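Notes for the one structure printed next.
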Amino acid sequence: MKRYNGSEIFRNRCVVIATMHKKETVIEPLLKQEFGLKAITPKNFDTDQFGTFSGEIERVRNPLETVRAKALAALLQTNENLAIASEGSFGPHPESPFIIGNEELVILIDTKNGFEIIGRHFTEKTNFNHQKIENLNDLKEFSERIGFPEHGIILKISNEKNSESIYKDFKSFDLLHNQVVKLLDEEKKVQAETDMRAFQNPTRMEAIKQATKNLVNIINTNCPKCNAPGYSIIEAIRGLRCELCNLPTKGLKGYIFSCQKCNFSCERKKEDVNFQNATFCDYCNP
Ligand SMILES: [Zn+2]
Ligand SMILES: [Zn+2]
């Protein structure tokens, strides 16, 4: 069986960061510090072809397919063999649909050695929002709520025949204000949305940084058997027992980790969690 030397397989290589929204500002320092990677960003790399948050181009694939496609497109364009891409989504938590937030995926693809390693971060901290703007009070209220101008705002006008006009990249409140006055004067129906592109949204940029840290941790987790990097969770195990009645609940009790090289897998108990709170038990608190 082939033995690996953990993350050394990435040491001092060149990595392509597939972004046109300045994500390299948070991704590159972490990769450089941990693995000595040298980052390049492809010139004129158009990530909008994979869909935009503002809806000019629809996202047709799920976030994992999208982030993989971005990384592979960057490799194709640059003729390199190591790439990183990220993709965000906004909405319910993948496992707890009542929690709304931002999930960021960061993927590392190594076509030379056949690795695909994925980091994730979910946070409820997001200013993802939209609002109908009927007057200037609405605009003032919305822009304060989402943290303009540090965070960008996009204006959308619905035209006839289901088409939309989009206005973005306002540098100041005056410019935003003037555009809204003009549109309201023309009796247009104005909708304001948070700009979710990373360079227009420091809250999201922080989430991408956290997802990159998660990726670094996973890269640094080696398979106990073959020592390949990226030994990671492939499944969650439920059935944590209730603290009162001792019956299994839907609570998480551990994870199954697996190696993508030798297929070795093992179960690891969730740290510091022994029993489920009775509030979440179907028997004690139906
Ligand atoms: Zn292994
Ligand atoms: Zn119980």
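Each ligand, and each atom within it, is numbered from 1 in the order the structure gives. Predicted model only: the values in this text are computed from it and were never measured.
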Check the pair Arg145, Asn127 against side-chain hydrogen bond (donor to acceptor under 3.5 Å, both in side chains), reporting the backbone distance first and the verdict last.
-> CA-CA 8 Å; Arg145 180 148 49 105; Asn127 62 352; over 6 Å; no

For Val216 and Phe35, what are the C-alpha separation, side-chain angles and deciding distance, and is it a side chain to side chain contact (heavy atoms under 4.5 Å, CB included)?
-> CA-CA 9 Å; Val216 166; Phe35 312 115; 4.1 Å; yes

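- Among protein atoms, those of element N, O or S found less than 2.8 Å away from the Zn ion (ligand 2) are Cys242 SG, Cys245 SG, Cys281 SG, Cys284 SG.
- For Cys262 atom SG and Cys226 atom SG, the angle they make at the Zn ion (ligand 1) is roughly 110°, to 10 degrees.
- Contact check on Glu8 versus Arg11 returns a salt bridge, with a Lys/Arg side-chain nitrogen under 4.0 Å from an Asp/Glu carboxylate oxygen.
- A salt bridge links Lys70 and Glu87; the closest N-O separation between the charged side-chain nitrogens and carboxylate oxygens is under 4.0 Å.
- With a 6.0 Å cutoff to the six-membered ring centre and a 45° limit on the axis angle, Lys261 counts as a cation-pi contact of Phe115.
- Salt bridge absent: Arg204 and Asp195 never bring a charged side-chain N and a carboxylate O closer than 4.0 Å.
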